Amino acid sequence: MTKLYLPPRLSRRGFIQTAAVATGAAGAALLLPGLAHAASMLTPGPFATLDLSGMPGIGPVGVAQPRPLIFGHRGASALRPEHTLASYAKAIADGADYVEPDLVSTKDGVLVARHEAFLSETTDVASHPEFASRKTRKTIDGETHEGWFVDDFTLAELKTLRAVERIPQYRPGSAQYNGMFQVATFEEIIDFVAAESAARGRIVGIVPELKHSTYFASVGLPLEDRFLAIIAAHDYTRRNPIEIQSFEVANLKYLRGKLGRRANLRLMQLVIGENVRPMDVAAAGGTLTFAQMCTPAGLRDIAQYADVVAPPTRSIIPLKKDGSLDAPSSLVEDAHKAGLRVEPWTFRPENHFLAADFRNSAGDAVRNEAGSIAEIKRYIATGIDGFFTDDPALGRAALA
């Protein structure tokens with residue numbers, strides 16, 4: 001039997017690429033070394049201090065490795081309705097190293113995968129007359145929507161809905177799958193990824209994002225302890241790569257305190273390049289802004305509790321007034337000096353989302369594979385350590 005050994009180090013690239021050569025029958029046992037049991041515990045311990053930099057495929061934190069990792073953004077969301085098992089399956093089939101479930105809470109406290117609490121854009125809830133009375137208006141993280149929201153539904157009720165394509169005007173191919181797939185729970189996704197990993201004989205990481213933590217806590221549905229209980233209960237997430245994201249700060253610090261530092265775990269601080277505050281900072285009356293977090297001093301502060309900074313792509317190479325790419329910023333270099341990996345979001349393959357340099361004349365909403373690949377290559381050249389893409393196959397092509 002082939003054994004894929006994951007060395008006790010935080011570099012995800014090492015998790016994915018390091019393997020002992022097979023000596024027997026086909027198949028793969030996804031196993032950590034003997035210290036895996038200690039790593040799986042939800043309290044920091046001696047294992048948290050191990051640093052095995054220099055093992056095969058692993059370099060020091062913050063140093064660019066030979067191949068950036070590919071994160072399937074909401075799965076393969078350019079091709080299938082986002083956050084469905086079909087989207088995750090397509091991402092894995094197309095070579096994603098990690099798949100991303102954004103996590104929100106149902107009324108009865110179950111973590112499910114939706115990009116946000118607002119259900120109206122990504123499910124067929126509006127076509128269900130039995131839920132007409134649930135339509136309401138809410139402001140969450142500064143954005144006001146009128147429609148239906150996940151925390152007003154139990155899991156059983158949510159399971160009667162079906163997923164739809166969020167931006168059908170750009171992704172008609174994905175919209176052909178409208179109505180086919182249920183909303184998936186986090187536990188269902190873990191089981192699905194574990195099954196795909198076992199079937200394909202390669203490790204697939206999970207990169208969950210805790211969405212709207214401050215909001216969910218305010219309505220009595222805090223996410224963090226539910227999340228910790230789930231990853232502790234599943235063998236796959238105890239052993240294999242998991243990277244936890246948030247646009248907030250306090251929840252990542254809380255998770256670091258609970259989880260410590262372990263072989264299969266990294267924490268990712270999501271940022272935007274604007275002078276606005278994270279929601280938890282604003283709720284607490286703090287003054288810290290995302291723009292401050294992206295300075296050299298701010299990045300050093302992030303490195304005290306997180307392993308990765310994840311900015312929007314345009315914070316790494318900004319756009320000129322004409323929509324073409326400008327010179328790269330110093331963000332990648334500054335983050336690496338602070339000991340952080342850099343894994344930006346999100347590459348999308350339609351002309352509408354591309355920098356002007358890479359668009360073709362086929363129309364704003366048209367899929368442009370060659371342009372997307374060329375754009376990703378330009379960003380890879382800055383030294384990024386990984387990237388989120390709505391189309392992992394194009395991400396893989398950009399690395400070829």
Side-chain angles (χ1 to χ4, degrees), residues 64 68-79 82 94 100 102 115-116 121-122 141-143 165-175 209 245 247 270-276 289-295 298-299 309-335 342-400:
L69 292 175
I70 299 171
F71 298 88
H73 186 239
R74 312 177 200 174
S77 54
L79 303 169
E82 64 187 45
D94 287 349
E100 181 203 35
D102 293 327
H115 174 56
E116 54 192 2
E121 295 178 344
T122 61
D141 289 3
E143 294 188 6
E165 171 54 44
R166 184 175 58 89
I167 47 174
Q169 68 273 33
Y170 299 110
R171 296 173 176 175
S174 175
E209 180 185 345
Q245 319 168 66
F247 278 104
L270 296 162
V271 296
I272 58 176
E274 298 179 15
N275 196 33
V276 297
T289 68
F290 285 114
Q292 291 169 341
M293 294 168 73
C294 292
T295 65
L299 293 166
V309 64
T313 56
R314 306 314 185 199
S315 290
I316 292 175
I317 307 180
L319 296 181
K320 300 177 184 177
K321 290 183 179 180
D322 65 0
S324 63
L325 291 184
D326 205 339
S329 73
S330 65
L331 183 55
V332 173
E333 180 181 1
D334 293 341
V342 183
E343 294 163 352
W345 48 274
T346 301
F347 293 107
R348 297 183 167 96
E350 296 84 12
N351 273 323
H352 178 80
F353 302 106
L354 298 177
D357 316 53
F358 307 106
R359 297 175 192 155
N360 60 28
S361 59
D364 184 65
V366 173
R367 180 178 170 84
N368 179 355
E369 295 187 1
S372 183
I373 292 169
E375 182 177 61
I376 295 171
K377 284 179 177 289
R378 185 76 67 85
Y379 279 82
I380 290 171
T382 67
I384 59 175
D385 303 288
F387 57 89
F388 287 84
T389 172
D390 287 356
D391 195 328
L394 300 184
R396 184 65 60 192
L399 294 174

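In this text the structure is predicted, and so the values were computed from the model without any measurement. Nothing fancy with the numbering, it's 1 onward along the sequence.
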Determine, step by step, whether Ser77 and Arg171 satisfy the side-chain contact (heavy atoms from CB on, under 4.5 Å) criterion, reporting the C-alpha distance in whole Å, the side-chain angles of both residues, the deciding distance to 0.1 Å, and the verdict. CA-CA 9 Å; Ser77 54; Arg171 296 173 176 175; 4.1 Å; yes

Run the numbers on Thr313 and Glu375 for side-chain contact (heavy atoms from CB on, under 4.5 Å), then give the verdict. CA-CA 10 Å; Thr313 56; Glu375 182 177 61; over 6 Å; no

Assess the residue pair Asn360 and Leu354 against the criterion (side-chain contact (heavy atoms from CB on, under 4.5 Å)); give the C-alpha distance rounded to whole Å, side-chain angles, the decisive distance to 0.1 Å, and a yes or no. CA-CA 10 Å; Asn360 60 28; Leu354 298 177; over 6 Å; no

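Looking at Arg314 and Leu325, their side chains come closer than 4.5 Å, going by heavy atoms from C-beta outward. In this structure, Asp357 and Lys320 have side chains that are not in contact, with every pair of non-hydrogen atoms separated by 4.5 Å or more. Looking only at side-chain heavy atoms (C-beta outward), Arg378 and Pro328 stay at 4.5 Å or farther from each other. Within the 4.5 Å cutoff, no side-chain heavy atoms of Ile70 are placed close to those of Asp94. Side chains of Trp345 and Pro312 form a contact here, defined as non-hydrogen atoms less than 4.5 Å apart. Between Arg348 and Tyr170, the closest side-chain pair of non-hydrogen atoms is not below 4.5 Å. Side-chain atoms of Ser174 and Glu82, non-hydrogen and from C-beta on, never get closer than 4.5 Å to each other.
Between the CD atom of Glu369 and the CD atom of Glu350 there is a distance of 10.0 Å, given to the nearest 0.5 Å. Note: His73 NE2 to Glu100 CD = 4.5 Å, rounded to the nearest 0.5 Å. Rounding to the nearest 0.5 Å gives a distance of 11.5 Å between CZ of Arg367 and CG of Asn351. Of the inter-residue distances, the one linking Met293 atom CE with Thr295 atom OG1 reads 10.0 Å to the nearest 0.5 angstrom. The line from CD1 of Ile376 to CG of Asp391 is 8.0 Å long, rounded to the nearest 0.5 Å. Going from atom CD1 of Ile373 over to atom CG of Leu399 covers 10.5 Å, rounded to the nearest 0.5 Å.
Across all non-hydrogen atoms, the minimal contact from Ser329 to Pro318 is N-CD, 4.2 Å. The two atoms that bring Ala175 and Pro168 nearest to each other are CB-CB, 4.0 Å, heavy atoms only. When all heavy atoms of Ala335 and Val309 are compared, the closest pair comes out as CB-CG1, 3.8 Å. Taking both residues in full, the closest heavy atoms of Asp390 and Pro349 are given as CB-CD, 4.4 Å, listed atom of the first, atom of the second, then distance. Nearest heavy-atom pair across Val271 and Cys294 is CG2-SG, 3.7 Å.
In this structure, Tyr379 has its ring center at least 6.0 angstrom away from the ring center of Phe387.
Between Val332 and the choices Ile316, Asp385, Ile317, the side chain to side chain contact (heavy atoms under 4.5 Å, CB included) rule is met once, by Ile316. Partner of Glu209 under the side chain to side chain contact (heavy atoms under 4.5 Å, CB included) criterion, chosen from His115, Arg74, Gln245: Gln245. Residue Thr289 forms a side chain to side chain contact (heavy atoms under 4.5 Å, CB included) with just one option from Val276, Asn275, Ile272, and that option is Asn275.
Note: Phe290 and Phe247 have perpendicular aromatic rings, judged against thresholds of 30 and 60 degrees for the angle between ring planes.
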